[in-house]
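Down below is the structure, laid out as structure tokens.
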Amino acid sequence: MNFGSSRERNRREFDDVILPHVDGLYGTALRLTRNERDAEDLVQDAVLRAFRFFHRFERGTNAKAWLFKILTNTFVNKYRKKQRERSVLDEVQADDGAALHGDHPGNRDPETVVINRLMSDHVKQALEELPEEFRLAVVLADLEDFSYREIADIMECPIGTVMSRLYRGRRALQRLLTEAAREQGVLGEPEPARDPAARLRVVKTEPGE
Amino acid sequence: MSMDCAYALKFIDAYIDGEFDPADRAEMERHFSACEPCRQAARVQAQWKAALRARLARPVAPYALHMRIARSLDGETARRGSFWRRASFRFGPAAVAAAALALLIVRVQPSSPVLEESILDHQRNWPVEVVGPDPDGVASWFRGKVEFPVRPPRWQNARLLGGRIGNVGQQAAAYLVYALPDGRKVSVIVFDAAQVPIEAPRRVIVRDRPVYLGADRGTRVALYRDAGVGYAVASDLGEAEMVHLVGTSLGP
């Protein structure tokens, strides 16, 4: 007679389905909490929660998205600290009306894809400066390959919100990275905007826009 | 032109992220083919995305975190002890207590020669004859050299350094060595379970299977059988970590 087999089966299934995602969870937790100790605590909490609610997980559905949703909720409920991080986005807000072609530093020129000239630490630092919900959207889309539908589900928001968080988060990040590159001396002074861009900017900054 | 630049640029991210259906994609591309600045913006945005990915390679969760998770899951599994209470209700407390003892009690048994060999092997540093980290490459090197399939355990956090041929008793066996992220070593002997007995002082059940544990001179060894082949895993890990390591290497 094999005592404990149903418990063992449940645990084995959990290990097989969930534990392969621990690295991904940890990477995202690091970007959310911005320090290793909190990231480890957050991942452990989230995995334990997932285990407690594993009976509610619909077999055959997307385990990774389910798990990241638990991670996000756990973070919001237990780890989120009051953050003063609005200022980065103010510039993007200003950008929104005029983020066309050359106006926005991120679009300007392949040479301005400056990440490769920066140390990983600078890239991490810039990402960590983004407000949380923008940072999370970027991490989920660019580092974890989630679709907009999945991100909307994980962040519990409409797809339109995902799109705007991604758009603004990425532009803010590009701006921060471009600034960091300039500070590090690996990028020259900004070039003047191109002609078509200038034309569009005039159009976009008309009153009422 | 059916699409203006403001619209195209607004949806450039969705285009790059592969969120568009073919018709919308085609419409975007029609616009790009007529508008150099938008085409360039899309190209540059795709480069940003790729560069961010390349630059922020996914960190690997520390080994200690995997261990913490395993232990907290073990604790959680044990805490749900309702199983034993339910069993007790059905079969009577005495029968259940006896069954539990049979499962958990420390049983003193004669030890397998592979246990001693595994401890000695772990304490030696030998040069590898085949170099890792590719388990398939190492496995194929052993083909024809030993009379059973060598499937090096695949651990998320332990890197296969390499292997060599050795002996357990009169039998040829595959000796493998792994490195944990903190630099500690895990030694594995893969042997013919039909020729070498698998026993050690302590028996535990891991994923429904018996695993035998022994320790001496600071080295702990786990012996088990998987798909008819014997494994002796030696390390200086604690017992819980060792059991977790074995659990993650067992096939279905």
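Computed from a prediction, not measured in an experiment: that's the story for all the values here. Letters A, B, ... are given to chains in the order of the sequence lines, protein chains preceding strands, and every chain is numbered from 1. No hydrogens, no waters, no symmetry mates; every other heavy atom, side chains included, goes into these values.
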Mind checking the OH-CD spacing from A:Tyr167 to B:Gln45? Nearest 0.5 Å is all I need. 7.5 Å
Contact winner vs chain B - A:Ser164, A:Ala29, A:Gly24, heavy-atom pairs under 4.5 Å: A:Gly24
For side-chain contact (heavy atoms from CB on, under 4.5 Å), just list the numbers for A:Met163 and B:Lys10, CA-CA rounded to whole Å, side-chain angles, deciding distance to a tenth of an Å, and then say yes or no. CA-CA 9 Å; A:Met163 291 176 70; B:Lys10 192 175 165 196; over 6 Å; no
Can you measure from NE2 (B:His244) to CG (A:Leu19) and round to the nearest 0.5 angstrom? 7.0 Å
If you round to the nearest 0.5 Å, how far is CG of A:Leu48 from CD1 of B:Ile69? 9.5 Å
If you take all heavy atoms of A:Leu143 and B:Arg53, which pair is closest and at what distance? CD2-CA, 3.8 Å
Quick one: does B:Trp48's side chain get under 4.5 Å of A:Leu177's, heavy atoms only? yes
Would you say that more than 12 heavy atoms from the other residues, nucleotides or ligands in this model lie under 6.0 Å from the CZ of B:Arg159, or not? no
Below 4.5 Å, heavy atoms only, C-beta onward: do B:Leu52 and A:Gln174 meet side chain to side chain? no
Measuring only between side-chain heavy atoms, which start at C-beta, is A:Arg11 closer than 4.5 Å to B:Asp74? yes
Taking B:Glu76 for the side chain and A:Arg52 for the main chain, is one N or O donor matched with an acceptor at less than 3.5 Å? no
Find the distance between CG (A:Asp23) and CG (B:Leu65) and round it off to the nearest 0.5 Å. 9.0 Å
Chain B contact via A:Leu127 - side chain, backbone, both or neither, heavy atoms under 4.5 Å: side chain
Is it the backbone or the side chain of A:Val138 that comes under 4.5 Å from a heavy atom of chain B, or both, or neither? side chain
In this structure, are over 12 heavy atoms from other groups packed under 6.0 Å from B:Glu36 atom CD? yes
With a sphere of 6.0 Å drawn around CZ of A:Arg37, does it hold more than 12 non-hydrogen atoms of other residues, nucleotides or ligands? no
Yes or no on salt bridge (charged side-chain N to carboxylate O under 4.0 Å, His left out) for B:Asp13 and A:Arg165, after CA distance, side-chain angles and deciding distance? CA-CA 11 Å; B:Asp13 290 41; A:Arg165 283 176 185 172; over 6 Å; no
Nearest 0.5 angstrom please: A:Arg31 CZ to B:Leu56 CG, how far? 5.5 Å
Is the closest side-chain heavy-atom distance between B:Leu73 and A:Asp15 below 4.5 Å? yes
So which heavy atom on B:Ser72 is nearest to which on A:Gln44, and how close? CB-NE2, 3.3 Å
Going from CD1 on A:Ile151 to CG on B:Asp17, what distance comes out if it is rounded to the nearest 0.5 angstrom? 7.5 Å
What do you reckon, is CZ of B:Arg55 surrounded by more than 12 foreign heavy atoms closer than 6.0 Å? yes
